[in-house]
Amino acid sequence: MSGRHGIEVVELVREFPKGPRAVDGIDLHVAPGEIYGFLGPNGAGKSTTVLVLTTLLPLTSGSARVAGYDVATQGRYVRAEIGAALQEAALDPLLSAREHMRLQTTLHGLSRSDRKVRGEELLERVGLVEAADRRVGGYSGGMKRRLDLALALVHRPSILFLDEPTTGLDPQSRTALWDEVARLTREDGVTVFLTTQYLEEADALADRVGIIDRGRIVAEGTPQALKDEIGRPSVEIVPAQDGDHEALAAVLSRFGESVPALSQSVAVRLRGGESELAEVVRALDGAGISVSQLRLHAPTLDDVFLEKTGRSLEGAGSEHGGDESAG
Amino acid sequence: MSSSTDRGGSFVSVAHGVAWRNLHNHFSHPMYYIPSLVFPLLFFTAFTGALGALTDLPGFEFEAGYEGFQYVFVLIQSAAFGGVFTGFAIARDFETGFARRLLLAAPNRQGIIAGYALAALGRWVFTALVVTGVAFAAGMTMPGGVGVAGLYALALLVNGAGILFASGVAMRMRTVQAGPLMQTPVFLALFLAPVYVPLAVLDGWIETVARFNPFTAFLEAGRGFLVGRPTTVGLAFGLAVALLVLFGWWAHRGLRSAESAG
Amino acid sequence: MREFVRQVAVLGRRSIMRTLRQPASIVPSLLFPLILLAVNTGGLRGATNLEGFPTDSFLDFALGFAFLQGAVFATVNSGTDLARDIQTGFMNRLALTPVRGVALIFGQLAGVAVLALLQAVVFLGAGLAAGASVRAGVSGALVILILSFLVSVAFAGAGALLAVRTGSGEAIQGLFPLVFATLFLSSMNMPRNLIDADWFRVIATINPVSYLIEGIRSLILEGWNVEALALGFGVVFVILVVGIGGAVLALRSRLARV
């Protein structure tokens with residue numbers, strides 16, 4: 001069943017008692033073997049969606065099928081098909097990695113001989129063999145995340161949920177985890193549903209991205225398609241003299257709509273694309289404005305977020321003030 | 001001249017700031033102020049309720065009744081434990097890193113200890129008021145009249161000694177796991193004193209231990225003040241001041257240890 | 001059924017390892033009841049001179065209370081461990097496996113059960129070494145161990161119930177004074193018939209803790225008192241059912257697994 005199914009979500013709503021509507025009628029379709037990136041600021045509804053799809057939180061309305069099973073009525077079957085590494089590696093600091101493996105493999109009902117083989121295989125895979133007998137309390141953040149991932153894979157799930165798997169990790173650990181996730185999909189055909197607030201993570205890893213804001217999906221597609229939708233690059237210019245700031249803004253406004261930029265610079269999205277750059281330089285020259293710096297930005301997923309919500313992804317969470325931990 | 005004024009000013013302002021913050025935290029979290037209230041009230045209720053018959057024992061004479069007898073114990077107990085709870089607060093501040101911020105920001109670091117001590121005093125005064133109210137409601141009398149001020153003065157000194165002892169431990173260990181190290185010695189010293197019956201009625205090993213326990217002098221003197229028959233006053237105040245000096249040195253060294261640990 | 005047993009075994013193993021790896025939670029639970037036993041035995045020795053006091057050894061009278069005090073530590077330990085699992089998300093990890101709620105609670109209590117057995121043996125051993133005697137003999141001592149073990153597990157079940165309901169370790173620690181108060185407002189320090197204050201006698205009579213202490217105490221002071229034992233075991237079974245049953249139900253609703 002799982003081989004033919006990914007994740008199907010229709011009009012999913014999750015409302016907290018006396019709280020916000022954390023997920024507000026989202027539709028999702030994740031194909032088997034796909035890496036789906038769920039991108040949004042803190043409090044957007046990412047974790048609530050994951051908790052509902054992993055059967056840890058009941059939905060309020062709508063429907064969701066994971067691996068072909070209904071999360072509202074067939075939780076047991078859903079759980080047998082999924083693995084999950086939720087926000088904050090949930091590990092027991094007093095146990096070693098090997099003891100965690102033993103616990104997890106037993107609870108998943110693996111046979112005695114399978115338990116040991118599978119445990120060692122996964123510890124090897126995430127590079128924790130040497131540290132396997134040390135208590136997890138002394139692990140680094142990256143080691144904890146790797147163990148968390150290995151534990152989620154114990155029962156060979158067909159769908160893997162990763163809730164902000166690299167938050168708080170250093171760049172090296174982050175890249176190592178990305179490689180492992182990519183390998184899982186490539187070699188084992190695992191479907192991955194990944195939430196993140198990092199643009200580069202979604203960009204680097206996801207086949208398709210859904211952008212969620214205030215419980216609603218505001219854009220969806222491949223990272224490239226989303227950026228192509230915005231289509232146009234922006235130009236950001238720092239004047240040589242501070243006094244020219246307003247004059248610079250006036251000149252640039254002729255070439256496109258203004259976009260947020262650092263305080264000393266002015267930026268606009270070029271209506272005519274990159275080819276208009278020469279024209280911009282000539283216009284500035286004509287107006288007698290000398291330029292200190294000029295940068296051309298290709299569109300990013302942040303631009304997509306900005307375009308769809310009117311806000312930048314960075315800092316959008318605090319504006320919303322939702323409760324990501326509760327959902 | 002001006003520099004010494006500055007030093008004095010910064011001491012007062014640091015102490016004031018630290019005290020305000022601790023009192024604010026204490027009274028805005030039931031988790032913090034409830035235990036400091038519950039234990040003396042619990043001891044008072046449980047001991048006076050269950051053990052009143054002990055006054056029938058030969059040699060047990062106390063004009064203020066068993067309520068008065070236990071009131072002195074819970075007052076001294078709450079004073080000593082007020083200091084221990086302050087130690088917990090200091091240890092918690094070290095764990096969260098807030099204490100480091102204080103050490104960095106405070107121009108006068110002795111003011112930090114003074115601030116914690118002021119807060120502890122404020123907290124204990126609150127507890128003492130509640131305990132006294134309950135004791136009166138339970139029928140306690142104060143035959144000693146105004147002489148009972150001696151009891152409060154003694155409790156105040158015990159409170160100060162408790163704070164200095166616990167803060168010395170907290171600043172050396174800098175973790176809330178040090179809680180038992182602050183709590184156990186105070187608890188033991190309290191209960192190895194004549195808690196349930198007067199010293200004269202005790203016998204066996206506990207009587208021997210109690211004779212050398214400073215809390216015995218505090219309790220005996222306190223009970224004397226309550227009924228207007230002062231006993232062991234000089235010894236009790238002398239011991240309290242000695243403990244203050246000893247633990248003052250202990251806390252000062254603790255502060256140095258915290259400073260050198262960074 | 002075999003799967004259930006396997007789940008309980010592996011969760012119990014984890015719980016026991018956790019307990020043994022936290023000496024900071026074992027030592028006070030062994031030490032404090034013994035300290036209180038010692039100071040109360042010394043301080044309240046005079047009470048045995050009161051007319052009608054059932055024994056001339058306050059140690060014999062007070063020994064039963066040590067087991068109850070140990071059980072309070074069981075409540076706090078088990079509650080704190082479970083609440084920590086909820087707070088850290090470890091419970092969610094377990095919830096994603098096919099484990100049953102009952103197995104989770106039973107497994108969680110295994111560590112406490114081991115500690116409870118250790119406590120019971122230590123308290124009884126220390127009491128006997130200090131000169132206490134058990135009127136009901138060796139088989140009576142065995143019943144004391146069984147009853148005090150059940151009391152600890154029952155209290156731990158109540159701790160688990162509170163942990164699942166609140167999901168907060170701090171809330172559990174905050175309840176410690178309350179549980180402690182329940183112990184003190186009982187017949188721990190004085191037989192109920194010798195309690196002077198009427199209001200306190202009423203409280204001690206309706207406080208189930210009195211019957212747990214009196215059940216154990218009867219074996220030490222009187223021998224085989226069927227009524228006291230029946231009340232002791234009856235109360236412990238009620239707490240067991242309410243605590244563990246309540247914890248299982250509360251866990252089911254907290255996990256909200258479907």
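Each chain gets a letter, A, B and so on, in the order the sequences are listed, and its residues count up from 1. Heavy atoms only: backbone and side chains are in, while hydrogens, waters and symmetry mates are out. Bear in mind that the values here come from a model prediction, so they are computed numbers and not experimental data.
Atom CD1 of B:I206 and atom OG1 of C:T41 lie 8.5 Å apart (nearest 0.5 Å). Taking CG from B:L51 and CG from C:D196, the interatomic distance works out to 10.0 Å, rounded to the nearest 0.5 Å. Going from atom CE of C:M190 over to atom OH of B:Y196 covers 10.5 Å, rounded to the nearest 0.5 Å. The CZ atom of C:R45 sits 10.0 Å away from atom CH2 of B:W205, with the distance rounded to the nearest 0.5 Å.
Contact of B:F47 with chain C is made through the side chain alone, with heavy-atom distances under 4.5 Å. Only the side chain of B:V38 comes within less than 4.5 Å of a heavy atom in chain C; its backbone stays farther off. Only the side chain of C:F32 comes within less than 4.5 Å of a heavy atom of chain B; its backbone N, CA, C and O stay farther away. Only the side chain of B:L188 comes within contact range of chain C, judged by heavy atoms closer than 4.5 Å. The part of B:F39 that comes within reach of chain C is its side chain, from C-beta onward, which places non-hydrogen atoms under 4.5 angstrom from that chain. Contacts between B:L202 and chain C at a heavy-atom distance below 4.5 Å involve the side chain alone, from C-beta outward. Of the two parts of C:L36, only the side chain, counted from C-beta on, holds a non-hydrogen atom closer than 4.5 Å to a non-hydrogen atom of chain B. Within the 4.5 angstrom heavy-atom criterion, no atom of B:T55 approaches chain C.
Interface summary for chain B: among C:I195, C:V39, C:L31, C:I203, the most heavy-atom pairs under 4.5 angstrom belong to C:V39. Between chain B and the options C:A38, C:S187, C:P28, heavy-atom pairs under 4.5 Å are most frequent for C:A38.
Side-chain contact between B:L54 and C:L44: present, with at least one pair of heavy atoms (C-beta onward) separated by less than 4.5 Å. Side-chain contact between C:N49 and B:D56 is absent, with no heavy atoms from C-beta onward closer than 4.5 Å.
Residues C:I35 and B:F187 come closest through the heavy atom pair CG2-CE2, 4.4 Å. A pairwise comparison of heavy atoms in C:A197 and B:G49 identifies CB-O, 3.5 Å as the closest pair.
Residue C:D56 places its CG atom among 12 or fewer non-hydrogen atoms of other residues, nucleotides or ligands, all under 6.0 Å distant. Atom CZ of C:R165 sits in a sparse spot, with 12 or fewer heavy atoms from other residues, nucleotides or ligands closer than 6.0 Å.
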